[in-house]
Novice: 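Shown below is the structure under consideration.
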Amino acid sequence: MTRLLTWTPALYSLFILLSFSLSAQQIYLEKPANPSQPSADFVGSQVCVTCHQQQVADWQGSHHDMAMKHATEDFVLGNFDNGSLTSKGKINRFYRKGEQYWVNIQGPDGNWKDYKISYTLGWEPLQQYMIEFEDGRVQLIPFAWDSRTKAQGGQRWFNLYPDMTPTDEFYWTNTGQNWNFMCADCHSTNLKKNYNADTNTYSTTFSEINVGCEACHGSANQHITLAAKAEESNSTFEKVAHFGFDRDLSKAVSEWSGEQNRRILQPKQINKTDQLQTCAQCHSRRAQLNDTADHVKGSFFDKYRLSLITPELYYDDGKIYDEVYVYGSFLQSTMAEKGLTCTNCHDPHSAKLIMPVESLCLQCHVASEYTADKHTFHAADSEASLCVTCHMPETTYMEIDPRRDHSWHVPRPDLSQHIGTPNVCTSCHKDNDAKWASEQLAQWFPQSKYRNSQHFSVAFYADSIGHKEAANTLAYSSQNVALKDIIRGSALHRMGGKNNKNTTVALARAVKSDSVMIRIGAIEGSSGYEFADRWNILIALLSDPVLAVRTETAAALVSHYAEMSPKQKALLQPALDEYIDIQKFNSDRGFGRTNLANVYLSLGETSKAIEQYQQAIEIEPNYEVSYVNLADLYRSLDKEDRAFTVLKVGMAAQPNSSSIAFSAGLSLLRQGQNKAAQGYLKQAAEIGKTIAHYWYVYGLSLEKDNLMAASKALNHAFEVSGNSQHKYAQCEILARNYQKGAVAFAFEQCINQLGEFVPQQTVQQLKSIID
């Protein structure tokens, strides 16, 4: 991998002139290997040592400093002295060749091979290791070193992905473990991915291998120049805005004040700061749109697309489920609303807490009002009495890495009773249920404004179970100004596919919102509307000042390109061109090339679409969507045989895909091969498990061959979805094939259940079929 370096001769001379002996503390910094390759404006953390000794000393050894390193004796923690780990009955070896570190592990072809370790990733509580390939790819091996102490269960090798096979996205040689795409932007400074789509290779570069000073402060070239001038003229450097940097990383609130009868200090003034957007680059779950835009001085959404509160990442009440890296949680909090920033609690250089955890909250929360007898009702100085235990519960990821939820939700076991979300009370008191916890809190906090109050999670839960009122509750939540923008945007996003008068009003207001997240949410939220209506809803967003908004809008509308007038096409084109650029930037992944193919297909450029689908399959064989879309394209061209061939290849490459198996079943149904189709449809339903539509279609396909199996499958679709149409379908096929015995019994059961959800007139219509 080519490493972009930072030292110009002039800067090197300046460093020598300004440097002096660090007698108080010895500071080690990794030296650039080749100072002759300059990186414009980025000067490197080495230059910062002279004037900022304490900050550099704090940074050294921090998670930022150790984010990525060359695999040398100074940085490798794992046991490579003929260490080993048995996984699935096979021995994996970790050893050294002189100063080099090597592993003998299973490759994608199933054979054991020797690979040289080039880089380390992370430091504690675990360290990962990376292998560099000739095509520029850097891949993470599946085995990590537990760097905790032996007393904590550490100092051992363990397998992060013990169940992965070569067909899985996160198998170590596949895209899910690719550093260039997945890790690099956050673990190194001034990173440029430099992916070549024609050759499918990388020439990724960075100014510093780890997260250096300029990763957060930005380019220091101007800062160094101004410092030198100030030294020469004996002027005051502090008078220069932001000390020559273009980012303000100060706290948003410089002074907090108490008010009578209030238990929490309030901000005197909330000032604009770039701190949150700077930290959010890496401490967020997001997609990257490019590596050129300024996400700090511009909109965060000009470079990244922040994930909203989706079921894949969060529970319905907004608490963390998957790894979300803080920012999405933080934006839900009252703390964010009040102007809290990262450095109110975390030292930016050491990344450690600025004070003991039990004291952090007492910076603003009056200590006398939050004692054990007044608030926690647990023994003082116990783990249970800490604020973070109840308000920032931990979830452990990567087996040994606990992360705290930064949404600071108030515990709501009353919600858990109704929507099944976890709560901190019963996570400790495992022998009790949510009802008990809710009653206990009612005794402790009889005047609480939270207990049994309205909460957005009810709307999100209604959507997750397909409740008939979901559209209305989501529309209401999206317009509730008491909710945080990320929640309102997420409510709009979940509105997708639903439309009524309330959703129309919600969308009309959303597209005019000042909040990027609300406008983003409106794009997917409008997906239930016919093209003409959707165009009228979204047209203003095609010229939105924020890249993610206008490009997602273009992506949402381009599928109707054939219906557009010349004027509409002209309005669409600029944002569509930008969307295409984003997909080209991400063309090292199957989704990027598949998205490009989808655009070309909408534009009527079929050959280009086929080419991009095929390339998506080639570079990422386990990405299932590309197979399904290409097969569907061949179907539309009346090439059903070719469509099924593509799907067979897809099933071999990704045998755990329910969507490919389902598409294969549909293809065979269209070809009149019902028996063969049923096998694939059954496979799709069983893999998909909770995808009701797969069970529904599978059930319908069985009607002529196995009526009771068909009834059972349709009933399963109903149980999964709660959709009365699935229950109606079950009753209808039983009625059509009515006969005494088991079928009659099943019909009576079915019709009785259906009667709980539909008018009696509907029930009578079905009964009339058997008369």
Side-chain angles (χ1 to χ4, degrees), residues 309-324 329 332-334 361 370-397 399 402-470 473-474 477 483 487 490-491 494 689-690 692 716 718-723 753 756-757:
I309 312 303
T310 62
E312 297 79 20
L313 302 179
Y314 298 86
Y315 291 105
D316 286 330
D317 60 358
K319 294 189 182 72
I320 60 174
Y321 171 68
D322 204 347
E323 290 181 272
V324 295
S329 301
Q332 302 176 49
S333 71
T334 301
C361 302
Y370 290 89
T371 59
D373 60 323
K374 287 185 177 182
H375 190 72
T376 70
F377 301 99
H378 289 80
D381 301 322
S382 67
E383 179 74 18
S385 71
L386 294 177
C387 306
V388 294
T389 301
C390 293
H391 295 287
M392 300 182 72
E394 291 182 330
T395 300
T396 299
Y397 303 101
E399 290 197 27
R403 315 269 179 87
R404 290 202 178 274
D405 193 321
H406 281 65
S407 58
W408 288 287
H409 283 294
V410 173
R412 291 289 303 273
D414 57 312
L415 288 176
S416 301
Q417 285 181 261
H418 302 293
I419 65 175
T421 49
N423 70 85
V424 293
C425 303
T426 55
S427 67
C428 287
H429 298 274
K430 298 183 184 297
D431 294 334
N432 295 294
D433 59 15
K435 182 175 183 292
W436 166 85
S438 181
E439 291 171 348
Q440 190 66 57
L441 287 179
Q443 293 177 27
W444 289 340
F445 304 101
Q447 304 302 318
S448 173
K449 65 180 181 180
Y450 297 102
R451 178 175 159 77
N452 294 323
S453 63
Q454 287 186 336
H455 196 272
F456 67 83
S457 60
V458 175
F460 287 10
Y461 176 70
D463 175 56
S464 70
I465 64 171
H467 195 280
K468 62 181 180 180
E469 286 299 316
T473 56
L474 290 170
S477 296
L483 296 176
I487 298 298
S490 301
R494 293 178 184 233
K689 294 182 181 178
T690 59
H716 192 82
F718 170 72
E719 289 177 345
V720 167
S721 68
N723 187 337
Q753 291 174 334
E756 299 177 15
F757 302 96

Novice: Does some side-chain heavy atom of Pro411 sit less than 4.5 Å from a side-chain heavy atom of Val424?
Specialist: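 Yes; the side chains approach each other to less than 4.5 Å.
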
Novice: Taking all non-hydrogen atoms of both residues, which atom of Ser385 and which atom of Ala380 are closest, and how far apart?
Specialist: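 Taking every non-hydrogen atom into account, OG-C, 4.0 Å.
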
Novice: Can you give me the closest heavy-atom contact between Arg494 and Thr310, atom names plus distance?
Specialist: NH2-C, 3.6 Å

Novice: Using a cut-off of 6.0 Å, state whether more than 12 heavy atoms not belonging to Asp373 lie near its atom CG.
Specialist: yes

Novice: Determine yes or no for a side-chain-to-main-chain donor-acceptor pair under 3.5 angstrom, with Lys430 supplying the side chain and Ser427 the backbone.
Specialist: yes

Novice: Please examine the side chains of Phe718 and Phe757, heavy atoms only from C-beta on, and report whether any two atoms are closer than 4.5 Å.
Specialist: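 Side chain of Phe757 against side chain of Phe718, heavy atoms only: contact under 4.5 Å found.
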
Novice: With side chain to side chain contact (heavy atoms under 4.5 Å, CB included) as the test, pick out the partner of His406 among Gln332, Met392, His391.
Specialist: Met392

Novice: Side chains of Pro402 and Thr395: closer than 4.5 Å at any heavy-atom pair?
Specialist: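 Of all side-chain heavy-atom pairs linking Thr395 with Pro402, none is under 4.5 Å.
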
Novice: Heavy atoms only: give me the nearest Trp444-Thr376 pair and the separation to one decimal.
Specialist: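 In terms of heavy atoms, the two residues are closest at CZ3-O, 4.5 Å.
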
Novice: If you count the non-hydrogen atoms of other residues, nucleotides and ligands that lie under 6.0 Å from OH in Tyr321, is the total more than 12?
Specialist: no

Novice: Without swapping roles, check the side chain of Asp405 against the backbone of Ile320 for a donor-acceptor pair under 3.5 Å.
Specialist: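 Yes; judged by distance alone, with no hydrogens or angles, the pair exists.
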
Novice: Are any non-hydrogen side-chain atoms of Ile487 and Ile309 less than 4.5 angstrom apart?
Specialist: yes

Novice: Answer yes or no: is there a side-chain heavy-atom contact under 4.5 Å between Gln417 and Ser438?
Specialist: yes

Novice: Is there a side-chain contact between Phe460 and Leu474 in this structure, where contact means two heavy atoms from C-beta onward sitting under 4.5 Å apart?
Specialist: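 A side-chain contact under 4.5 Å exists here.
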
Novice: Could you go through Ser477 and Leu483, starting from their C-alpha distance and side-chain angles, then the distance that decides it, and tell me whether this counts as side chain to side chain contact (heavy atoms under 4.5 Å, CB included)?
Specialist: CA-CA 8 Å; Ser477 296; Leu483 296 176; 4.1 Å; yes

Novice: Are any of the side-chain heavy atoms of Pro422 and Tyr315 separated by less than 4.5 Å?
Specialist: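 A side-chain contact under 4.5 Å exists here.
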
Novice: Hey, can you tell me if His409 and Phe456 have their rings parallel, tilted or perpendicular (30° and 60° cut-offs)?
Specialist: tilted

Novice: Show the nearest heavy-atom pair for residues Val324 and Ser329, with the distance to one decimal.
Specialist: CG2-OG, 3.6 Å

Novice: If you measure from the Lys or Arg side-chain nitrogens to the Asp or Glu carboxylate oxygens, is any gap between Lys319 and Asp317 under 4.0 Å?
Specialist: yes

Novice: Got a second to check how far Arg451's CZ is from Leu415's CG, nearest 0.5 Å?
Specialist: 10.5 Å

Novice: Would you give the length of the straight line joining atom CG of Asp316 to atom NE2 of His418, rounded to the nearest 0.5 angstrom?
Specialist: 14.5 Å

Novice: Counting distance only, does the side-chain N/O of Arg412 pair as donor-acceptor with the main-chain N or O of Tyr450 below 3.5 Å?
Specialist: yes

Novice: Rounded to the nearest 0.5 Å, what's the gap from OG on Ser453 to CG on Asp414? Could you check?
Specialist: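 That separation rounds to 7.0 Å.
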
Novice: Quick test of your reading of the model: are Glu323 and Arg403 salt-bridged, counting only N-O distances below 4.0 Å?
Specialist: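 Judged by the 4.0 Å cut-off on N to carboxylate O distance, Glu323 and Arg403 do form a salt bridge.
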
Novice: Going by the angle between their ring planes, with limits at 30° and 60°, are His429 and Trp436 parallel, tilted or perpendicular?
Specialist: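 The arrangement is tilted - the two ring planes meet at 30° to 60°.
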
Novice: Keeping the roles fixed (side chain from Ser448, backbone from Phe445), state whether a donor-acceptor pair exists under 3.5 Å.
Specialist: no

Novice: To check you understand the geometry: which heavy-atom pair defines the closest contact between Ser333 and Ser407, and what is its length?
Specialist: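 Result for this residue pair: CB-O, 3.4 Å.
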
Novice: Find the distance between CG (Leu441) and SG (Cys390) and round it off to the nearest 0.5 Å.
Specialist: 8.5 Å

Novice: Please report the shortest heavy-atom distance between Ala384 and His378, naming the atom on each side.
Specialist: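 So the minimum-distance heavy-atom pair works out to CB-CD2, 3.5 Å.
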
Novice: Taking Glu383's backbone N and O only, do any of them form a donor-acceptor pair with Thr389's side chain (distance below 3.5 Å, no angle check)?
Specialist: yes

Novice: Just by distance, with hydrogens left out, do Ser457 and His455 show a side-chain donor and acceptor under 3.5 Å apart?
Specialist: yes

Novice: With side chains defined as the heavy atoms from C-beta onward, is the minimum distance between Pro413 and Gln440 less than 4.5 Å?
Specialist: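 Counting from C-beta outward, Pro413 and Gln440 never come under 4.5 Å.
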
